[in-house]
Protein chains: 2
Amino acid sequence: MAKSPWISDLRWVRTARQPRSRRTLGLLLDAAEELISEKGLDDTAVGDIASRAGCSVGAFYHHFRDKGALIQALLARLAEEFRATMRAAVDPARWEGASIAEILEAYLEFSLEAGRERSGLNRAQLVLALRDPAAGAQLLELQHELGRRLADLLRARRDEVGHGDAERAIDFALEQLRSMLILRLEGVSLGSRLESLGDAEFVREAMASVCAYLQILPPPRPEYRT
Amino acid sequence: MAKSPWISDLRWVRTARQPRSRRTLGLLLDAAEELISEKGLDDTAVGDIASRAGCSVGAFYHHFRDKGALIQALLARLAEEFRATMRAAVDPARWEGASIAEILEAYLEFSLEAGRERSGLNRAQLVLALRDPAAGAQLLELQHELGRRLADLLRARRDEVGHGDAERAIDFALEQLRSMLILRLEGVSLGSRLESLGDAEFVREAMASVCAYLQILPPPRPEYRT
DNA sequence: ATTATCTATAGATCTATAGATAATGC
DNA sequence: ATTATCTATAGATCTATAGATAATGC
């Protein structure tokens, strides 16, 4: 029985031994991410990915056991990119002295900015998650982690909240903001009433809404109009 | 040059001449809707659709010029089903004397109920819209129409609104509710903080949020606790 | 000597058509 | 006589592999 290059059924991506190989692997993942966000997963053939990465189909299969392994690897890379940023962003030390409104406003602004500049990532993620929920589990878990950590930050400030059931209100408010962000960033094909609204105005209205609901003070504004 | 059975390039679905044919056409559309909502568009082969409909691939191509024509026809049928219900639901006469809060609460409850019992439709619609925005345009236009008509109903009641810019606030509130509905109904694979929340509690919190934001009175409750 | 890549192709789908057969309605 | 359906299959992809060639690092 010939020795398989694949370490186990759980390890479908070959461990590179040469820098050249690592480079090709990165190019393949880049190409896949681009193509999937442009055309969707099923219109992206392995041959397309290989040729955009500037290598052959054979090279592709040197690195990945099959097309599914590429998807796993791509999701893993997306997750890795997200993890570090996310954890730094919700570090409690970073937010000492900040109010709920300040934290939520920063969450909105950061998510919009990150979503705009990396729209391929979002679209690829959405496509992959809709196609195969299990494969997107690691990324999903990070989304949950972000949610939990944000909720922790807010719960530590529950004294600010006027809403009767602070726990539930915090969860609901976060879900509300997350829903709007997802649709605003990726829901073009689902239509929107707010196409004419700029990001800054969107953030302002979202903050007005969430502050009214939670019964907290609005974020301090550097402008003349408080 | 043989006469084409297709009337023009814009008419890709054959006009049935016999009741038997209409029945088969309906069965094909049913089968397609089911399979697409179960497995997605690309894992649904024409052969799968034909066999679930209990006919052959040949019969499929008697009715549809190609697979794209089926998608168009399916979207057209979904749109037709939606149109009548939607127009009746937002008929101004139906809502005479109702407050903004009552209208929005009914919108939430109706959307959740309809979404639950016809989840296949929603999923198929989401899949089709993400895949080919142009093909979903007719359904999208109906979504916009629903949004406009709802907004009209609310604008006619703008005196109830305490928010400074009633127009913008109405648009924003509708978009907020729509975002949450879409994610709640179809965003399972995208994760949610509110999985444990029942529909009734979801509606209550959403109403609390939107009433606080718009600065309107909450919906009258038949319960002991106003 | 090992690792990485390329070329060429077998095998598995899947779409769409051709041509034969069956059902319908005048 | 026309409409609807079925069977069988050609042609187009697309995935994954086999075997040869090139690059790397000890």
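Chain naming here is simple, since letters A, B, ... match the order of the sequence lines and numbering starts at 1 in each.
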Scan the side chains in residues 45-56 of chain B for donor-acceptor partners under 3.5 Å anywhere in the protein, sequence neighbours excluded, and list what turns up.
| residue | atom | partner | partner atom | Å |
| --- | --- | --- | --- | --- |
| D48(B) | OD2 | K39(B) | NZ | 3.2 |
| D48(B) | OD2 | A45(B) | N | 3.1 |
| S51(B) | OG | G47(B) | O | 3.4 |
| S51(B) | OG | D48(B) | O | 3.3 |
| R52(B) | NH1 | E34(B) | OE1 | 2.7 |
| R52(B) | NH1 | E38(B) | OE2 | 3.1 |
| R52(B) | NH2 | E38(B) | OE1 | 3.3 |
| S56(B) | OG | G58(B) | N | 3.4 |
| S56(B) | OG | A59(B) | N | 3.2 |

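Among residues two or more places apart in sequence or in another chain, the side chain to side chain contact (heavy atoms under 4.5 Å, CB included) test is passed with R20(B) by Q18(B). Residues passing the salt bridge (Lys or Arg N to Asp or Glu O under 4.0 Å) test with D199(B), sequence neighbours excluded: R116(B), R184(B). Scored by the side chain to side chain contact (heavy atoms under 4.5 Å, CB included) test, E201(B) finds R168(A), L197(B), R204(B) as partners (sequence neighbours excluded). In this structure F60(B) satisfies the ring pair (Phe, Tyr, Trp, His ring centres under 6.0 Å) test together with F64(B), sequence neighbours excluded. Looking at residues two or more places apart in sequence or on another chain, you find a side chain to side chain contact (heavy atoms under 4.5 Å, CB included) between A98(B) and W95(B), E102(B), I103(B). Partners of E33(B) under the salt bridge (Lys or Arg N to Asp or Glu O under 4.0 Å) rule, at least two apart in sequence or in another chain, are R77(B), R118(B).
Once you apply a 4.0 Å limit to the heavy atoms of chain A, the touched nucleotides of DNA chain C run 5' to 3' over dT3(C) to dT7(C).
Nearest-nucleotide mapping onto DNA chain D: of A45(A) and S56(B), the residue sitting toward the 5' end is S56(B). The nearest heavy atom of DNA chain C to G47(B) and to L25(A) marks one nucleotide each, and the one closer to the 5' end goes with L25(A). Mapping R20(B) and V57(B) onto DNA chain D via the closest heavy atom, the residue that lands nearer the 5' end is R20(B).
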Encoded 5' to 3' (Watson-Crick or G-U under 3.5 Å; [ ] crossing; | other strand), DNA chain D becomes ||||||||||||||||||||||||..

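Ion pairing of D152(A) with R149(A) is absent here, as no side-chain N (NZ or NE/NH1/NH2) approaches a carboxylate O to less than 4.0 Å.
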